[in-house]
Amino acid sequence: MIDSIIMETMKRTHTCGELTAALKDREITLNGWVHRHRAQGGITFINLRDRYGITQIVVESDSSKELLETADKLKFEYCIAVKGIVRERPEGMKNTGMKTGDIEVKALEIQILSTCEILPFMVEEESQAKEDLRLKYRYLDLRSFGMQKRIKLRHEVTFAAREYLINKGFYEIETPTLIRSTPEGARDFLVPSRVLSGRFYALPQSPQLYKQILMVSGFDKYFQIARCYRDEDARGDRQPEFTQIDLEMSFVSRDDVLAVTEGMMQNIFKKASGIDLSIPFKRLSYDDAMNTYGSDKPDLRFELPLQDFASFASKGDFQVFKTVLENKGAVKVLVVPGCSEYSRKQITDLEDVAKTYGAKGLAWMKITGDSGVEGGIARFFESSAKDIITALGAKQGDLLLFVADKPKTACTALGAVRSRLGTDLGLLKADDFQFCWIIDFPLFEYNEEESHWDPAHHLFSMPQEQFLETLEKDPGVVKGDLYDLVCNGVELASGSIRIHDPKLQERVFSVVGFSMEEAQKKFGFLLESFKYGPPPHGGIAPGLDRLITLLCNQGSIREVIAFPKNTVGASPMDDSPSPVDTQQLKDLSLQLIETEKKE
RNA sequence: GGGGGUGUGGCGAAGUUGGUUAUCGCACCGGCCUGUCAAGCCGGGGAUCGCGGGUUCAAGUCCCGUCACUCCCGCCA
């Protein structure tokens, strides 16, 4: 048949996921891919697949010679059109594990629309090939049920987000992806300008400045499914380009933003996954999160809290702890229930986790009775053992793990041990989504190497009212109107109420050693806009990729992105980034500098 | 920038203290088979074991280097 008319005569009347016994005896046409084929002597079965499902096609021995010959030619992933009659499968031949398992299609005509070479890997539930091969042949990998399901979920999540926000009166507004480079934060991806040679655009790390300006413009509820670009090393939960559900609102306080986000999450989970989330979400201050869970993105599917050991450490005989405390450090302890039988090897493994996060070691002791401790550093605390056990709420058979260090290091390192134990002790239930807000973040962090204050989040977040007076005197204690949404140890969203007062903005700039002149140069357009009646505003940006990864219980955001980059930011399929022609460089007034050659 | 892991036909894996012709499943080719659904059975082709060097009578296996991928620390306002 001539190709150009196949799609007129053999156009599908149904999809491969919808035929049921209700349609029996009907003549139908299906288009799809040969998923499996089983030649059984005089009878051939073909599993025809499209994105809606799989339907079994039967070619029987009474078929025309032409049909039999065509059926014989079919191989994996041939794209074909099948015309046939729907019929109920004989008793005992029904496949209950299949949506269309009650029926089959007796083929009358099969047209091969295109053929397929020997596959690099099979199309199945989940591709079994190594990831770089999956990425090279991403179009094949995307045919797998797993990828199809996840891409569909992604579609449903963005739809549910749009649905909720639009119903709440938000406008979806696009912002540019060729913008000016701004300081701080991650490295920018740069795009050279041809017309204005020597100048560069940057790809946005987020639409931050534009959405604030949209607030000045009076679009008081804005959102965008926004692509963001950050030139940093990729990870399982990070890609050089990723997507945020970016939103911003005017005339709001923190709680208004949190409430909208909670409602949106509730709608997404319900519509995309049928999960009922109870709102409002728990709230935890940054300080409490760090002190109790050793993380600003704690996994609350299990408790296992960090406790403070300073009061005992200062009185005990263990000099290491005392020295740390004298230097304004912290001693934190984790009570691990029922793990006193842990081997030296197991404890060493946990110590390695702590060391990865900067701890010098992981001290330990075992609880052997109401007042008995043993092993590790137990001998330094025998006299106060009973009090320690009572104070920590420990019991016989528990294991105590300690980290002593600078407060942040002690908490972070022991928090990492806590996370590891959550996995090791099987405390992590799938399909259990424990949301919480982390609030009251510090606005500034001290940079010890360079001896100055850095913004902990970004420069435009509002300091909380009670710190306004002493902003310059003691930047370290200033809390901002910042909030992160966390679920199961994953940072899902980050946002803040913004500064809309140019004078206050100027004070924040000066704390981080940013001269007004410099600020004018880099953010002048934002500051300028704030001269013209800016409304109080704030917003948030949930990470779409992470949200979907969480929803489908995957380990990597690459599993929910159609065409992701690998860990060095390359795409094996199209082999980007790639060298370019000399002429292209010339047009852009660019010249490559010789880098060290690797032999 | 640093640390860990992996690399064996098209794909996924096995390969012992170094020892004959590198094994298995899937895929591929040929044949048989009228109710399979990861179909089955019989037969066949296909690998310089990531790459380079070294040790050795002998290297997939040991050593050094290197590349690729991956996980983690740093980095990611």
Side-chain angles (χ1 to χ4, degrees), chain A residues 35-48 54-63 75-77 89-98 100-101 104 106 116-137 140-141 182-188 205-206 208-209 228-240 242 349 352-359 412-413 416 419-420 441 443-445 449 454-461 480 482 491 494-496 508 512 514 522-523 541 543 555-556 558 566-568 570 572 598-599:
Chain A
H35 187 63
R36 296 285 184 267
H37 56 108
R38 299 174 291 277
Q40 176 88 31
I43 186 167
T44 296
F45 298 96
I46 300 151
N47 284 0
L48 192 68
I54 286 182
T55 297
Q56 175 164 286
I57 312 295
V58 195
V59 180
E60 290 177 313
S61 51
D62 62 357
S63 303
K75 299 186 197 313
F76 288 109
E77 297 304 310
R89 293 196 196 181
E91 274 314 311
M93 303 304 156
K94 293 184 177 173
N95 186 338
T96 50
M98 217 171 151
T100 61
E104 61 193 8
K106 178 179 164 61
C116 177
E117 297 196 350
I118 297 172
L119 293 162
F121 50 85
M122 294 284 286
V123 174
E124 44 202 335
E125 186 68 33
E126 295 286 353
S127 303
Q128 297 300 306
K130 288 193 180 65
E131 197 172 2
D132 49 334
L133 201 71
R134 290 175 56 202
L135 293 185
K136 180 169 181 186
Y137 298 96
L140 291 178
D141 186 39
T182 51
E184 309 294 321
R187 267 183 292 269
D188 280 331
Q205 295 180 26
S206 79
Q208 185 62 35
L209 300 179
C228 307
Y229 306 86
R230 294 177 192 177
D231 189 5
E232 300 292 346
D233 291 352
R235 284 286 172 77
D237 62 350
R238 265 161 37 192
Q239 283 269 296
F242 62 99
D349 284 350
D352 289 342
V353 171
K355 281 180 172 171
T356 302
Y357 286 81
T412 308
S419 297
R420 171 63 171 271
F441 276 82
L443 206 57
F444 305 104
E445 259 172 10
E449 285 108 61
D454 279 338
H457 187 67
H458 66 52
L459 289 158
F460 314 108
S461 297
L482 290 142
E491 182 195 313
S494 195
S496 65
V508 169
V512 299
F514 216 65
K522 302 289 168 57
F523 308 110
S556 160
R558 295 187 297 267
N566 67 15
T567 47
V568 292
K598 286 168 185 172
E599 298 292 323

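Chain letters run A, B, ... following the sequence lines, proteins first, then strands; residues in each count from 1.
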(request) Look through every strand shown and name the nucleotide pairing with B:U6 as Watson-Crick or G-U wobble, where both distances are under 3.5 Å. (result)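 Pairing partner, where one exists within any strand: B:A68.
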Determine the contact category for [X]: base if any of its heavy atoms lies under 4.0 Å from a base atom, sugar-phosphate if only primed atoms, P, OP1 or OP2 are that close, otherwise nothing.
X        : value
A:Gly97  : nothing
A:Tyr357 : sugar-phosphate
A:Gln128 : sugar-phosphate
A:Ala39  : base
A:Arg238 : base

Which value, in whole Å, describes the distance between the [atom1] atoms of nucleotides [N] and [M]?
N     : M     : atom1 : result
B:G10 : B:C28 : C1'   : 9 Å
B:U48 : B:U21 : C1'   : 15 Å
B:A59 : B:A14 : P     : 24 Å
B:G7  : B:G60 : P     : 15 Å
B:A22 : B:A47 : P     : 11 Å

When you get a sec, tell me which of [options] is the closest nucleotide to the side chain of [X]?
X        : options             : answer
A:Thr356 : B:C37, B:C73, B:C28 : B:C73
A:Asp132 : B:A68, B:G35, B:C28 : B:A68
A:Glu131 : B:U70, B:C72, B:C75 : B:U70
A:Phe76  : B:G74, B:C33, B:C28 : B:C28

(message) With a 3.5 Å cut-off and heavy atoms only, can you find an N or O donor on one side and an acceptor on the other between the side chain of A:Arg89 and the base of B:U36?
(response)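 For A:Arg89, whose side chain was compared with the base of B:U36, there is a donor-acceptor pair (under 3.5 Å).
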(request) I would like to know whether A:Glu232 and A:Arg238 meet salt bridge (Lys or Arg N to Asp or Glu O under 4.0 Å); could you show each step before the answer? (result) CA-CA 9 Å; A:Glu232 300 292 346; A:Arg238 265 161 37 192; over 6 Å; no
Distance below 4.0 Å between [X] side-chain N/O and [N] OP1 or OP2:
X        : N     : answer
A:Arg558 : B:C71 : yes
A:Arg38  : B:U36 : no
A:Asn566 : B:C69 : yes
A:Arg230 : B:C75 : no
A:Lys130 : B:A13 : yes
A:Lys355 : B:G2  : no

(request) Answer yes or no for this row: A:Phe121 ring on B:C11 base, centroids under 5.5 Å, planes under 30°. (result)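 Stacking between A:Phe121 and B:C11: absent.
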